[in-house]
Structures are given as structure tokens and as C-alpha cells.
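In what follows, a structure is listed as C-alpha cells, so that the remarks can point back to it.
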Amino acid sequence: MPADQLRRTRIQDLLKSTDLNREVLVKAWVRTRRGNKYVQFIALNDGSCLATLQVVAAAEGFPEESLKEITTGSCIAVRGQLVASQGKGQAVEIQATEITVLGTADETYPLQKKGNDQKGISLEHLREIAHLRPRTNTFGAVLRIRHALAFAIHQYFNDHGFYYVHTPIITGSDAEGAGQMFRVTTLPPEHPPRTADGAVDYAEDFFGKQTNLTVSGQLEGELAAMALGSVYTFGPTFRAENSNTARHLAEFWMIEPEVAFNDLTDNMDLAEDFLQSLVRYALAHCAEDLQFLNDTYDKELLERLNFVTTNEFQRLTYTEAVEILKSAKKKFEFPVDWGTDLQSEHERYLVEKHFKKPVILTNYPKEIKAFYMKLDDDGRTVRAMDVLFPGIGEIIGGSQREEDLVKLQTRMAEMHVPEDELWWYLDTRRFGTAPHAGFGLGFERLVLFVTGMTNIRDVIPFPRFPKNAEF
RNA sequence: GCUUCCUUAGCUCAGCCGGUUAGAGCAUCUGACUGUUAAUCAGAGGGUCCCUGGUUCGAGCCCAGGAGGGAGCGCCA
């Protein structure tokens, strides 16, 4: 092939290639350069995998002076022979014949290599340079795993007969009951049009009414399930809560399957198989990245992931959980009483101390759960389920839905949910209602669990949280 | 929103009881070195000690207020 038609090969493909002694072209970012006046070694990373490719530049072709611009962080194109490496750290390397600097990076590049004192840039500092952190090993690994999990989610549902439905991001309802919402408006903030009594006149707004960013696609997902049978949503979700924790974001991605004719047990079966399949997919497809995270941050990560894929989740009712907590020897900061919601410390005790495995809690008191959950026969509890994971807490929240129109209307009245805003939702119970169930999985919480990262702001490229919308 | 801790070189951190010119490792720069593996060796440059005010003969250190960040809690996914 003529030299100028040579196409670039990804480093991932070169590193596993057995077709040696051929000319290749690589385009990538420089991690380090070292050597002497006779030979120089350049470690290259193009993001296709964690590992770097070693480029050898011999002095005959590349006097040391000519490599001055090849600094940590610069981007170069290398043409050369792919050969077996003489060194011990790698199987193959490139003997360079031509190096072109595509982009320089001077000494102010923030991601200079860390030294042999093993101390690198902290995750906290990397959050302040989130535009560059994908170039680190850690964020490369996290972002590749995030991608793999997103892909596995679509594959799982496709393989199981689910249809992907796109629910709206702008919603005209603020009655979904999942938290504070962000307003969406085109009205001028300084001088909005007013009605005769002085209130802001939203009839003048873009949609002719107040609108918000969605807090959940569930209600629309239910509409689709009542036609397509098994559906799921996977999209961005927004909560304007002033939550300052390592497990909350103002903008996050949520997966919400909804299945006609499923009851609570079917729902639990789906959640458990779904989660196990996703973890299994990551173990099979992200081995190198997971090994790196295991070695770097959390020595028990792989062990924990394998454990989850091979052990059944512990299922018990809220009432049973309260009994266990009441008889526990541990002293809790918050008392446990039937009817109050469990605190983080209680959930952590059940998952990490008592059962030492993922837990699915069901049949919560109706007072502490949403209006749309199906009432149990005793009239006190609802068919809710929360999946609790070690280190994460609630990773899934779901329920069998109330399919009976009258019971649903009664619950809405009790919880002051206005019927007129959800007339379309109630129509599903008026026309051909059916038992159905579903749940919401926080995507970033899943990525948090699989990567072993401890702060949710480190598993999404550009996190949105109170007082921060940089980048 | 609440509790608590932190903020010193580009990064990661020391800094004694409040006392002379604020230190280390890494990074960067310069030089040496014939295949390195987060190369090695030698040298050099690099500081608004987060900001404002106060106490004191004297403040990186003590006090007050503010800003930013971490961890935990609440809300939840």
C-alpha cells in the first residue's frame, strides 16, 4: 500500500496483533518519553484501551533535539514497523520511521506523569480539570466501563423482548412525586408577563403552561407498557434537590423497565437477573480496566463483582427487616420502628453486616412510598421493592403498580396528587387496565458499583451537582 | 439544608510551643548516560502559605467572618 494511504490502527488492535514486521500508522497522545541520545522510548495512549504502546525512536532517524516537542500530553502520528519488542515490558512495539507532531503540550499541561513516589493527582483535583481527566488511566477505565454497561443494558433488553421507548425530557406535569424539579421556561426572568392578579402568566410561555425537566420517565413508560408489553427507558433525569452526597447528582441517567402482566416477584426476578447480567458483561468485556481499578483503588472489587453474579439476592419484607434490626445488638443512631423509613445505617447493616449480600426489601408501609404502588391485601403495605447494594445503598427502587382505578384514585386523594394533571395516566386504568410492574435503576450508581469508585461525581464525565455546572 | 474536617510550589504533602531567609518527593528546565519500563544520576528555577479583618514586638501557625473542597447525615436512583 502506498505510504500516504496507510490508515491508522488503534493501539488496542496493535497490542494484540500477531501480524508483525509490517508498516503501521498510530495517532495518539504521549504519556511519557524517556531514553538517551542514542535511543528514545515514547509511551502512547489513544484511549482504545488502558495499556500504552511503546514507540522506539533510534538516533539515526531521530536525534534527541528533533524530539523536543514530543512531551507528555502532546499528540503525535507515528509511522513505523510493528515489531516484537526487545524489552521486557511489552510484546510488541513500533520502530518509528516518521513522527509528526499534531499538537504540542508545554510544561503547563496539568497531567504530567507522576513519579515513583506513587503519588498522583487526587480525584478531587481531577474534578476541577474534568475537561482533561478522561486522559488519565482512571477515567479512561471508568468511561470505557460506563460505555460497556450502557451497551449491555440495551443488549439485555433487546435479547429479552423489550422495546426502548423515548420518554420526554421536558414535562408538563409536576406531580410525578420524585423530587424537586428544574423549571423550563422562555419567559424573561426580569420582567415576565403577569396576569391581572400579578402572578406570572405561564399562558405566555413557550408551551403555554409551566414546564419542568423530567424527574422520571416511569409514568410515560407505563403508558407504553400498556401497548408494547415490555418496555424500558434509558435517559437523563433531573432532580433539583440540594443533595450534597457522594451518591447523588442533579443530572443523572436512569434505566426504567416497565412490564405488563408482571407482579412483584416477576419484578424482583427481572431486577436480579438484569443486575447480575450487567456485572457479568463488565467482567467479561472490561477485564483489563477492572483489574486496574482493583489494583489501584479497591483490592476487593473483582471479588465483590464475582460474588454478586454467583449469589442470589436476599429477599425479605420491610416488616421482617424491622424485626432483624430491632433484635440487632448494634446501637443505631436512629431508632427502628415499623412505619418509619429505614435510614442508611439500617440498610448498610442489613447488606454489609447481617446478610453480607445484596438485599431486596419489599412490602413497605404505604405511607412512605409513592401513590402509584399497588396496595397489599392488608391495606397497610404496598408492593414496593428496593434493591440494596453494598457501598451504594439503594441502587434500584420499584414496585408493582396499582392497576385498579378506584384504589389508585383513593391513594392519589390521600397523598394530595392532583387528578387533573394526570388524567392521561388514569386513562390506562380506565381502558384495558392490566397488572404491571417496573423499577428505576440509577445508571451512575451501577457504574459506581462496578468500577469501585466511591464518589458518583467520578463516574460521569461532567457531573452536575449543587453550585457546580462547569464544563 | 445540617454536622465535621481540610485549604502551604504545577501535583502529593511536611512545617515543632507563635520567633531568623517556608521545606521534601514527584513534575518542569539544563547536563550526563548505548534498549528504557512511572528509567537512572547530577544540577537549577519555581511560593499572594485560599481571601478579608483582628490579636501580638512578631502570624503559615491564634481569633472572627467569607470562599472553595472532602467525608458523614437528610432527600433519593
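By convention in this document, chain letters (A, B, ...) are assigned in the order of the sequence lines, proteins followed by strands, and residues within each chain are numbered from 1.
Nucleotides B/rG10 and B/rC5 have their P atoms positioned 28 Å apart, rounded to a whole Å. Distance check on atom C1': B/rG25 versus B/rA38 gives 14 Å, rounded to whole Å. Spacing between B/rU7 and B/rG15 at atom P, rounded to whole Å, works out to 10 Å. Comparing the C1' positions of B/rG19 and B/rA71 gives an interatomic distance of 36 Å, to the nearest angstrom. Across the C1' atoms, B/rG23 and B/rA14 are found 7 Å apart, a figure rounded to whole Å. Atom C1' of B/rC61 sits at a distance of 7 Å from the matching atom of B/rG18, rounded to the whole Å.
Nucleic acid contact for A/E347: none, since no nucleic acid atom lies under 4.0 Å from a heavy atom of the residue. A/E93 comes within 4.0 angstrom of a nucleotide base, judged by non-hydrogen atoms across all strands. Nucleic acid contact for A/K467: none, since no nucleic acid atom lies under 4.0 Å from a heavy atom of the residue. Contacts of A/I395 with the nucleic acid, taken as non-hydrogen atoms under 4.0 Å apart, involve only primed sugar atoms and P, OP1 or OP2. Heavy atoms of A/G440 sit under 4.0 angstrom from primed sugar atoms or phosphate atoms, though from no base atom. Among the heavy atoms of the strands, none lies under 4.0 Å from A/L111. Base engagement by A/Q86 is indicated by at least one non-hydrogen atom pair under 4.0 Å involving a base atom. Residue contacts for A/T108: at a heavy-atom cut-off of 4.0 Å it reaches no nucleic acid atom on any strand shown.
Listed candidates were B/rG69, B/rG35, B/rU36. Nearest to the side chain of A/Q90 is B/rU36. Checked against B/rU34, B/rU12, B/rA39, the side chain of A/S122 finds its nearest nucleotide in B/rU12. The listed nucleotides are B/rA77, B/rG35, B/rG69; the one nearest the side chain of A/L249 is B/rA77.
With a 3.5 Å ceiling on both atom-pair distances, the Watson-Crick or G-U wobble partner of B/rG25 is B/rC11. Remark: B/rU48 base-pairs with no nucleotide; criterion is Watson-Crick or G-U wobble with both hydrogen-bond distances under 3.5 Å. Pair assignment for B/rG1 gives B/rC73, based on Watson-Crick or G-U wobble hydrogen-bonding distances that are each under 3.5 Å. Nucleotide B/rC16 is matched to nothing when pairs are restricted to Watson-Crick or G-U wobble geometry with both distances under 3.5 angstrom. A 3.5 Å limit on both hydrogen-bonding distances identifies no Watson-Crick or G-U partner for B/rG60.
For A/R31 and B/rA38, a side-chain-to-base donor-acceptor distance below 3.5 Å is absent, hydrogens and geometry of angles not being considered. For a distance-only test at 3.5 Å, the side chain of A/Q54 qualifies as a donor-acceptor partner of the base of B/rU36. No donor-acceptor contact under 3.5 Å links the side chain of A/R34 to the base of B/rC33. Put simply, the side chain of A/Q95 and the base of B/rG35 share a donor and an acceptor less than 3.5 Å apart. For B/rC11, its base never sits under 3.5 Å from the side chain of A/H125 at any donor and acceptor pair.
Remark: ring of A/F41 not stacked against base of B/rG35; the cut-offs of centroid gap under 5.5 Å and plane tilt under 30° are not jointly satisfied.
Along RNA chain B, the nucleotide closest to A/S85 and the one closest to A/Q112 are compared, and the more 5′ of them pairs with A/Q112. With RNA chain B read from its 5' end, the first of the two nearest nucleotides for A/P466 and A/I396 is the one closest to A/P466.
Contact check on A/R146 versus A/E444 returns a salt bridge, with a Lys/Arg side-chain nitrogen under 4.0 Å from an Asp/Glu carboxylate oxygen. Taking the charged nitrogens against the carboxylate oxygens, A/D458 and A/R127 do have a contact shorter than 4.0 Å, which makes a salt bridge. For the pair A/E251 and A/R239, the salt-bridge criterion is not met [side-chain N within less than 4.0 Å of a carboxylate O].
A/R445 pairs by the salt bridge (Lys or Arg N to Asp or Glu O under 4.0 Å) definition with nothing, not counting sequence neighbours.
Proximity of A/K37 to the phosphate of B/rC33: a side-chain N or O atom is located under 4.0 Å from OP1 or OP2. Put simply, A/N36 has no side-chain N or O that comes within less than 4.0 Å of OP1 or OP2 on B/rU34.
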Detail all sub-3.5 Å separations between protein N/O atoms and N/O atoms belonging to nucleotides 70-73 of chain B.
| unit_1 | atom_1 | unit_2 | atom_2 | d |
| --- | --- | --- | --- | --- |
| B/rG70 | OP1 | A/R127 | NH1 | 2.9 |
| B/rG70 | OP1 | A/R457 | NH1 | 3.3 |
| B/rG70 | OP2 | A/R457 | NH1 | 3.4 |
| B/rA71 | OP1 | A/N455 | ND2 | 3.1 |
| B/rA71 | OP2 | A/N455 | ND2 | 3.1 |
| B/rC73 | OP1 | A/R348 | NH1 | 2.9 |
| B/rC73 | OP1 | A/R348 | NH2 | 3.4 |
| B/rC73 | N4 | A/N244 | O | 2.8 |

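Relative to the ring axis of A/F465, A/R457 places its NZ or CZ within 45° and under 6.0 Å from the centre.
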